[in-house]
Amino acid sequence: MSSSLEDEVFPSTPGKFKIERSHAMNRQFHRCFASTSTMFLWALFLIALTASYLSFQSFVDSSSRYFSASWGGIQWEKHVCNSAQIHRSGGMSVLITGAAGFVGSHVSLALKKRGDGVVGIDNFNSYYDPSLKEARRSLLKTHDIFIVEGDINDNRLLDKLFDTVAFTHVMHLAAQAGVRYAMENPHSYVHSNIAGLVTLLEVCKSANPQPSIVWASSSSVYGLNDNVPFSELHRTDQPASLYAATKKAGEEITHTYNHIYGLSITGLRFFTVYGPWGRPDMAYFSFTRNILQGKPITIYRGKNGIDLARDFTYIDDIVKGCLGSLDTSGKSTGSGGKKRGLAPYRIFNLGNTSPVTVPTLVNILERHLKTKAKKKVVDMPGNGDVPFTHANISSAGRELGYKPTTNLQSGLNKFVRWYLSYYGYNRGKPVN
Ligand SMILES: O=C(O)[C@H]1O[C@H](OP(=O)(O)OP(=O)(O)OC[C@H]2O[C@@H](n3ccc(=O)[nH]c3=O)[C@H](O)[C@@H]2O)[C@H](O)[C@@H](O)[C@H]1O
């Protein structure tokens, strides 16, 4: 044993004691060495055990995925191919993510009705009542639209879909929506709106031919911008919620894929879309439910008692904007994951251009439902909301032929009629 090591262990101790200690040290060293080699062997054994456990687990995992997957197989491929079939000359075959969602189901039907091929993908998560998503799926099925049950984070599934169909377009509408829910479950936004988006783009960039992509961004990217009406040229670097931040990140991420791989990209900033088959988490929908059930509704009020306002946009107008975007998207230029030339990169506002305050929205609902709301007005909590939105749509008008035609009054009338026919009058009766 070197003195320096001994010194380290027993610093500056004199005489006999030092020698005895030295013997003791030798013994201890040998014991220590012996126990180190034993430990080393044990460590090796444990590593080997862990490695074989992990590989067994992954084998079990992948084989159980193989046997229990809700996709794959001859029947499944037949459904996908039938659904993707194009029935008009010059038509497109579109993969629609979030097809069991509000906007996704409407766009799927509109494309199918005009003869395009449509295949949906949706994970049917429980952010809101999955039975509504199932009902949308059933509706689409009656129009021969097949929705694959799966997640956009599953690259094997996406690869399989692109192996089965040469999609000309992807309409990417799958997302974790909702502005205020981001405070409750932030990671779900990263999972769907960022990780899921990147997985999808990776598959699209490698597909041959590459599809053109149209996807849902959001009016929320304008965040704290108070320059109205919101133009695509305005700044969008001050998001007020994590939802908005993930949508803004999506705009940057898609730009990168356009730049490096030549993917044609169109981002659509939707402004508070409403209508039949809508999302139960949104204000117009939950207000309707509560008004009919005699429950109170909470109306947020902005700073200095100013009413909040939204550029509420009717679903049929949004659908027209989506189809106009697909029709004008231009081609992706890459192949084999390599860019071959410049591809279009576009961003459009899809709004209604006439903001309405939340109390006015409630008045319209009261009239359509012939029932007074029990209103609770509270100051807007600091939960990611913005005080108002208002779209400048001149760019979408020029490039997509976008021209909204439904005002809030008649759009809500259609919504209420759907709501009552879907949920039934009985469920609308006040509860005690
Ligand atoms: O354009 C978008 O990009 C976003 O639009 C939608 O968000 P928002 O505009 O916030 O719609 P929504 O929740 O219906 O609230 C409407 C108004 O009611 C107020 N509001 C809300 C709830 C409540 O209990 N009380 C209330 O006053 C509330 O303060 C607000 O002023 C989509 O949900 C979102 O996914 C995204 O697509």
Side-chain angles (χ1 to χ4, degrees), residues 98 101-104 127-128 172-185 188-189 192-193 215-223 225 229-230 236 239-248 250-251 267-275 278-291 295-303 305-315 317-318 321-322 347-353 355-365 373-391 393 404 408 411-412 415:
F102 172 33
V103 180
Y127 168 61
Y128 62 78
H172 174 46
L173 298 166
Q176 176 59 61
V179 173
R180 291 163 290 280
Y181 180 65
M183 290 179 72
E184 259 175 71
N185 190 356
S188 65
Y189 290 79
S192 294
N193 304 357
W215 74 285
S217 182
S218 159
S219 71
S220 63
V221 299
Y222 290 107
N225 172 49
F230 299 162
T236 51
S241 64
L242 183 68
Y243 169 69
T246 59
K247 286 295 181 181
K248 174 64 182 165
E251 293 187 354
L268 302 175
R269 293 177 179 164
F270 293 159
F271 282 68
T272 315
V273 189
Y274 72 98
R279 276 174 32 212
D281 62 312
M282 289 183 68
Y284 74 95
F285 200 120
S286 64
F287 286 175
T288 299
R289 188 178 48 222
N290 282 14
I291 291 171
K295 291 180 184 165
I297 60 169
T298 306
I299 299 174
Y300 301 139
R301 191 180 42 201
K303 275 198 190 115
I306 292 174
D307 290 334
L308 303 183
R310 288 290 180 275
D311 199 0
F312 296 102
T313 309
Y314 189 63
I315 182 66
D317 291 324
I318 289 291
C322 291
I347 289 193
F348 296 110
N349 287 340
L350 292 187
N352 195 50
T353 61
V356 175
T357 67
V358 176
T360 305
L361 164 88
V362 175
N363 289 343
I364 299 173
L365 284 176
K374 292 179 181 157
K375 298 169 205 161
K376 210 170 89 190
V377 180
V378 303
D379 286 340
M380 181 173 88
N383 55 10
D385 255 337
V386 292
F388 56 84
T389 62
H390 182 183
I393 54 165
L408 190 60
L412 283 179
F415 166 72

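Throughout, residue positions are numbered sequentially from 1 according to the sequence presented. Just so you know, ligand 1 is whichever comes first in the structure, and atom 1 is the first atom listed for that ligand.
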the protein heavy atom lying closest to atom 28 (C) of ligand 1 turns out to be D385 OD2, 3.6 Å
Output for pair (W215 CH2, N193 CG), nearest 0.5 Å, gives 8.5 Å
When distances are taken from atom 20 (N) of ligand 1, the protein heavy atom at minimum range is Y300 CD1, 3.6 Å
Short version for M380: what comes under 4.0 Å of ligand 1, heavy atoms counted, is neither
### Message
Determine whether the aromatic ring centres of residues F312 and Y284 are separated by less than 6.0 angstrom.
### Response
no
Show, in sequence, the C-alpha distance, side-chain angles and deciding distance for V362 and T360, and conclude whether the side chain to side chain contact (heavy atoms under 4.5 Å, CB included) test is met.
CA-CA 5 Å; V362 175; T360 305; over 6 Å; no
of all protein heavy atoms, closest to atom 1 (O) of ligand 1 is S219 OG, 2.7 Å
Q) Are any of the heavy atoms in R180 under 4.0 Å away from ligand 1? A) yes
Between the OG atom in S286 and the CG atom in D281, the distance rounded to the nearest 0.5 Å is 8.0 Å
Within 4.0 Å of some non-hydrogen atom of I299, the atoms of ligand 1 are 27 (O)
- So, do Y181 and Y127 have ring centers that fall under 6.0 Å from each other? yes
From the list L350, I318, I393, T389, side chain to side chain contact (heavy atoms under 4.5 Å, CB included) partner of T313 resolves to I318
The protein heavy atom nearest to atom 17 (C) of ligand 1 is V358 CG2, 3.8 Å
Closest non-hydrogen contact found for M183 with N383 is SD-CA, 3.4 Å
Judged by heavy atoms only, the candidate from F312, Y243, Y222, F271 nearest atom 37 (O) of ligand 1 is Y243
Out of R279, R310, R301, the nearest non-hydrogen contact to atom 34 (C) of ligand 1 is supplied by R279
Quick look: M282 vs ligand 1, heavy-atom contacts under 4.0 Å, and the answer is both
By ring-ring contact (aromatic ring centres under 6.0 Å, His included), F230 pairs with (sequence neighbours left out) Y222
When distances are taken from atom 25 (N) of ligand 1, the protein heavy atom at minimum range is T298 O, 2.7 Å
So for F287 against ligand 1, with non-hydrogen atoms under 4.0 Å, the contacting part is side chain
With S217 as partner, the option from K247, K248, E251 fulfilling side chain to side chain donor-acceptor pair (under 3.5 Å) is E251
Closest to atom 14 (O) of ligand 1 among protein heavy atoms sits A283 N, 2.8 Å
>> For a 4.5 angstrom cut-off between non-hydrogen side-chain atoms, does F285 reach P280?
In response: yes
Test log, rule side chain to side chain contact (heavy atoms under 4.5 Å, CB included), inputs V378 and R301:
CA-CA 6 Å; V378 303; R301 191 180 42 201; over 6 Å; no
For A177, the ligand 1 atoms with a heavy-atom partner under 4.0 Å come out as 35 (O)
for atom 11 (O) of ligand 1, nearest protein heavy atom and its distance come out as T272 CG2, 3.6 Å
Note: L308, heavy atoms under 4.0 Å from ligand 1, region reported as side chain
Check: of V362, D307, V179, min heavy-atom distance to atom 7 (O) of ligand 1 comes from V179
Please check whether F270 reaches ligand 1 - meaning an N/O of the residue sits under 3.5 Å from an N/O of the ligand, judged on distance alone.
yes
* Asked: What about G178: any of its N or O atoms under 3.5 Å from an N or O on ligand 1?
  -> yes
Quick note on ligand 1: atoms under 4.0 Å from a heavy atom of S220 include exactly 3 (O)
Is the Y274-F102 ring centre distance short of 6.0 angstrom? no
All heavy atoms of A391 vs all of T353, minimum pair found to be O-CG2, 3.1 Å
for atom 3 (O) of ligand 1, nearest protein heavy atom and its distance come out as S218 OG, 2.4 Å
